[in-house]
Each structure stands twice: as C-alpha cells, then as structure tokens.
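Here the structure is laid out as structure tokens; the discussion comes afterwards.
Every heavy atom of this structure was used, including side-chain atoms; hydrogens, water molecules and symmetry mates were not.
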Amino acid sequence: MKSIQSRLLIMLIIFIIFPYFLSVLLIYGYTKKNVERYELASSQDQMQEVSDHLEQYFHDMIQLPYMLYRNPDLFRISDNNFQNSNYSNPLAIEKALKTFYLMRREIRQVRYYIANEKNSITVYNAMISARKHQPDLFELASIQDLVNSDQNFMIEPPHQIENYNDAAIIPQSDKTMVLTIHHKIIDVLSNELLGIITIDIDMDEYTRISDRLIQGGDESAFLIDSDGFIIYASDQDLIGKSVPSDLQSQINQEEIYSDDDDIILSRTLSGPLDQWKLVKITPSEFLFNEVRQTAHTNIMVGVGVVVLGLLMVVIISYKITRPIKLLSRKVRRIEGENMDKDVPFDDQREDEIGHLEKHIKGMMDRINLHIEREYKLEIENRKNQFKALKSQVNPHFLYNSLQSIGAVALRSNSPDVYKYVTSLSRMMRYSIRADQWVSVQSEVDYIKAYLELQMERFRTSLSYSIDIEETILDIRVPSMILQPLVENFFKHCYEEGVYDAHLHIYGEIREEYLYLVVENDGPSLMDVELEALRETIYTPGDEGSHEHIGLKNIHDRLVLNYGPRAGIELDTKHGQGFSVRLMIPLRAKEDEIYESSVGG
C-alpha cells in the first residue's frame, strides 16, 4: 500500500530533485567545454613562450664559440706558425681557455681540438690539461657528421660526462648528465677547418625553462631533437633515449587526443633547434579537476536541497497525514483477537477522520459485547482449576506438621529426633521457596542440613569440609546448584561402600569469576567415560542422554542465566577422585540477575 508520505516523496523526486541534478549535469558539460577551450589556449600560449625561451637559450650557447674569433692571439693557436705566437707560453694558453670556460656557469667541460696538430686541450672544473695527441678524433661518428655537414655546430643528446683527455681530472664520482655542443672553428678567409671546440653543459638551465610547461604532478613534457632523441623529459629515466614508438605516433599531429582522453600538444621549433619538437601531455583528470570539484559542490548543494525537501515532507506528513496514521494504528490495535476497549478514538472531530473514528468505535463496542461472554467463561474455568489445586495437600501444612512433630519430640526428651526433623523442615522450606535466586550463605546452610540427615541415614561419621570466603556469602546465585553435586557424592561413594572418601566444598573469586567447587577423593572415571560425560552435559537442549541429568541441568541453568561464559567443568584429578567446578561470571547479565534478586 502506497502511503501519502511515499507519494509526497515521489513528487519531490519528480519535481525538485530530478530537475536539479539534470541542471547540474548540463552545467557540468557546458563548463567542461569552456574549461577545455581555456586550458588549450593557455597551454598553447605557454608552449609558445617556452619555445621562444628554448630557441633563444640554445642560440646563445651555439653562438658562444664565435667569441673566440674576437681574440686573434688565441685564434692563432690553430695556425701553423703557432710556435711564433705570443702563446708559446703555456700559462697564456691556460688563461685564455679558463676565461672561455668561466663565461657560462652551466659549462662543465671544454675541449679545444687543433686540427693541424691533431692535439686537444681539455678544461674541467677550471683545471686545464696538457695537450694530448688524438689523431683519430675525426673518425668518431658525431665529429665526422659535423665535418661533412654544412652546419657549423651539432648538438649531441644528453649523456654522462666523459673524460675527453686522459690528462684531465674527472673523478669517478661525477655522474653528471650533460648536453654536448660541437662547434667548428673555420678560417674566415680560406674557409679552412682550423679545429673543433666541444662544450659540455649541464641540463639545469634548459630544464628549468622546460619545467614551466608542467603545472601539476600528472602532466608531462618532452623536448625531442630532429633525430628522435629525448633531450628533456619530466621523467628523468627517458632523457638521452629514443622516443618510444607509441609516443612518436601520437605527436605527429600538432594537437590530438589519445585513447585515454589525454590532451597532447606538439610544437615544432625553429632556428638553431630546427625540426625539434616540444611536446606537452595533460591528463583529462588534471585538466577537468576544477570542473569536477564544482560539480561535487553542486551535488552537495543538491543533497542539502534533498534534506530540506525531506524535512518539508515530514512537516507536511505531520500536519496532514498524522491523523490518518493514528487512525491506522488504532485499527491495527483491534485487529483479530487483540480487541482493546481503551483505544482512544476521537469522535469529536468534524472532518472525515472524525466520522471514520466514530463508526469504528461503535463497531468495536458491538464486537466487544459478543466476545465478553467468552472471556467470562474462561475466567470461571480458571477459578475452578484454582479451587481444585487448593484442595490438594498444601506444602506449608506439611512444613507446619514437621514443626509440631519436633515440639512433641522435645517434650518426649528426644533431642536427636527434634534435630533431624528441624533439618528436614529447613530443607523443605528452602525447596518450596517461590524465588529462584538465593545467597551463597543460604545454599551452604541447605547443604549442611542435608549432610546432617545423610550422616544419620548411613550411621557413620562423614569426612567433609566447607571453605567459602566471607566475601562470597552474600552473592546471589540460582538456587539448588550445589545440592545435586553433594547428592552425587553419596550416590557414587557411600551407596557403593566407599566410606573413607573426603568431600571438599570451597569457593573463591578469581579474575572476575566466582568459582564454586565440589570435589572428593573417592572413585574416579576413565578418560573415555569422562569425555562421554562431558559430551552428555554440553549437548544443547534435550539432545543428550537422560543420564546425569542433574549435572546437565546445573550447566544449562548457568548458561541460561549468565551466558555462554558460564557452566561447569569436570576433572578426574588424575584418577584420584572427581571434581566439579561451577564458573559464574560476576558481570554477565547483571540487569537480569539484579531484577531476579529484587523479585526474590
């Protein structure tokens, strides 16, 4: 049955919640497109700015060796008449090369190769090496390509710094990645190759320029030379390596989207970096992060709207549907056999609800008149049963009779008869008590009375001891939990002719448990018999054997009153007797125990 409240909720969803979230979805799509256009335009401007800075930086580094032409004396180092030069002094050569080395801070190593002598001089860490003869330098692939090309320079991809001259001092600990620029020194008049200057520069400066492309940790950028080698990458492990095939196929276009909706921008450089490519990859998750945050904010606002709408439904339900709900509850109270004459029908209302309540009240009164006779008959039957019970022997009459017999025994000078009749009367009075909870002291008194009667029955002295701490005596426990254990002692010892067995009853509190133990040093059980007895006692419900019903009854009562932590434990004392320990947690089901004790 659809209630009015559920219908109001459906109307709220149709007319408020659904339109709101539809508008959020449309706004999200529109904002996403605008953000995409803005980010693309911003990224393109950024690509242009970084490209210009990279082209200018490499232009300055490539033009740096041309400053050697301004020093005619140093320029004569490569001349055949070098011995007639002012630079025949090695100190002058060292000064000139150190000056060139110190012109830029990113220069890590400089090698000056003199073509006519096939000698090279290397500067590292502002230290100049001796000249070394290197006749096979032009056989290197990189140098050979430079000599045979029309270009005056060549940029070698990043690599670990090398020792160009064995005389130079480069420690093994220097693992710096450097970018190498080879530059030809040419005689301007004769166009003759005089030498090659090789400059190793660290990557910090152009890396700093390229890092401007990366705005977030998820973005990545690449600088790729014309031969397909990676000069710069946000992933340091890719620097100096060839471009992966999957990335190469993606950057062939100027602007594309990859399969995972990442935006890839590619720009071809010019000038000294002709045919180099600058690539930027922006994940869609990073690009539309702000849009998603805005959408989440709108969703949270929508949740607030839903909460307000639900509050409105509650208020409307309280004002409009509450009388209907009350009437529905009243009708349910009188369904079937649960007729209640005290259902507060309001027949004073003047609306439709009052009309319904008036008619339902009249109908209920008529029904109650018919079923009242059945209740009266039931009451009469119960009274008759009660009278029949009263006609039976009253246990209290028997208790009073025993007291009278005790008085006669005293008058007849028979104190022993009086003592045993008194013990029996105390036991009967204890057993017919209506409550189910007694103090440990009461249970101990009952056991003592029982032992007195048993000693008279067997006409022998009984060896027993009862050691109960005083702090335990006032604790309330279920009644009749020790007597069956003492009765088993007589059943398995005295009735079988074992009269020298000792019965020991003691109690203690340890680790929030009350332990009551009944043990003897009489006949014991085999291990197989002990396991069978445990299985009988611990079997749930009535599924176990009907033997040892006293032990099982005690265990079940403890579990019922205290929970699964309570129960009994059996032990054969290594074949030297038999022990039953009752475990009662002091904090289990405290409310029920308290209520039962108060009722007692």
Heavy-atom pair of closest approach, residues [X] and [Y]:
{"X": "P523", "Y": "V498", "answer": "CG-CG2, 4.1 Å"}
{"X": "G567", "Y": "L558", "answer": "O-CD1, 3.6 Å"}
{"X": "V438", "Y": "S442", "answer": "CB-CB, 4.2 Å"}
{"X": "A233", "Y": "L238", "answer": "CB-CB, 4.2 Å"}
{"X": "I568", "Y": "L551", "answer": "CD1-O, 3.7 Å"}
{"X": "I214", "Y": "S234", "answer": "CD1-CB, 3.4 Å"}

Rounded to the nearest 0.5 Å, what's the gap from [atom1] on [X] to [atom2] on [Y]? Could you check?
{"X": "I466", "Y": "L482", "atom1": "CD1", "atom2": "CG", "result": "9.0 Å"}
{"X": "I472", "Y": "E470", "atom1": "CD1", "atom2": "CD", "result": "10.5 Å"}
{"X": "L570", "Y": "L533", "atom1": "CG", "atom2": "CG", "result": "5.0 Å"}
{"X": "Q483", "Y": "N488", "atom1": "CD", "atom2": "CG", "result": "9.0 Å"}
{"X": "I281", "Y": "L213", "atom1": "CD1", "atom2": "CG", "result": "11.5 Å"}
{"X": "Q441", "Y": "I475", "atom1": "CD", "atom2": "CD1", "result": "12.5 Å"}

Taking the side chain as every heavy atom from C-beta outward, state whether [X] and [Y] have any atom pair closer than 4.5 Å.
{"X": "V486", "Y": "Y464", "result": "no"}
{"X": "P484", "Y": "N553", "result": "no"}
{"X": "S579", "Y": "V517", "result": "yes"}
{"X": "V477", "Y": "L582", "result": "no"}
{"X": "V559", "Y": "Y538", "result": "no"}
{"X": "L485", "Y": "F578", "result": "no"}
{"X": "Q576", "Y": "D521", "result": "no"}

[X] (side chain) donor-acceptor with [Y] (main chain) under 3.5 angstrom:
{"X": "K573", "Y": "S524", "result": "no"}
{"X": "R557", "Y": "S479", "result": "yes"}
{"X": "E443", "Y": "I481", "result": "yes"}

Where do H504 and D467 land on the side-chain contact (heavy atoms from CB on, under 4.5 Å) test, with the steps shown first? CA-CA 8 Å; H504 185 201; D467 301 320; 2.9 Å; yes

What pairs with E508 under side-chain contact (heavy atoms from CB on, under 4.5 Å), at least two apart in sequence or on another chain? E469, Y506, R510, Y515

Partners of D527 by side-chain contact (heavy atoms from CB on, under 4.5 Å), sequence neighbours excluded?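 Not a single residue meets the side-chain contact (heavy atoms from CB on, under 4.5 Å) criterion with D527.
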
Between S465 and H502, is there a side-chain donor-acceptor contact under 3.5 Å, judged purely by atom types and distance? yes

Count the heavy atoms of every other residue, nucleotide or ligand shown that sit under 6.0 Å from NZ of K491, and state whether that count exceeds 12.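 It does not: K491 NZ has 12 such atoms or fewer within range.
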
Would you sort out whether M583 and Y562 count as a side-chain contact (heavy atoms from CB on, under 4.5 Å), showing the intermediate values? CA-CA 10 Å; M583 297 184 303; Y562 295 98; over 6 Å; no

Sole candidate of L462, V518, I505 that passes side chain to side chain contact (heavy atoms under 4.5 Å, CB included) when paired with F489: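 So the option named by the test is L462.
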
Under the rule for side-chain hydrogen bond (donor to acceptor under 3.5 Å, both in side chains), what residues qualify as partners of E529, not counting sequence neighbours?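 Checked E529 against side-chain hydrogen bond (donor to acceptor under 3.5 Å, both in side chains); zero matches.
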
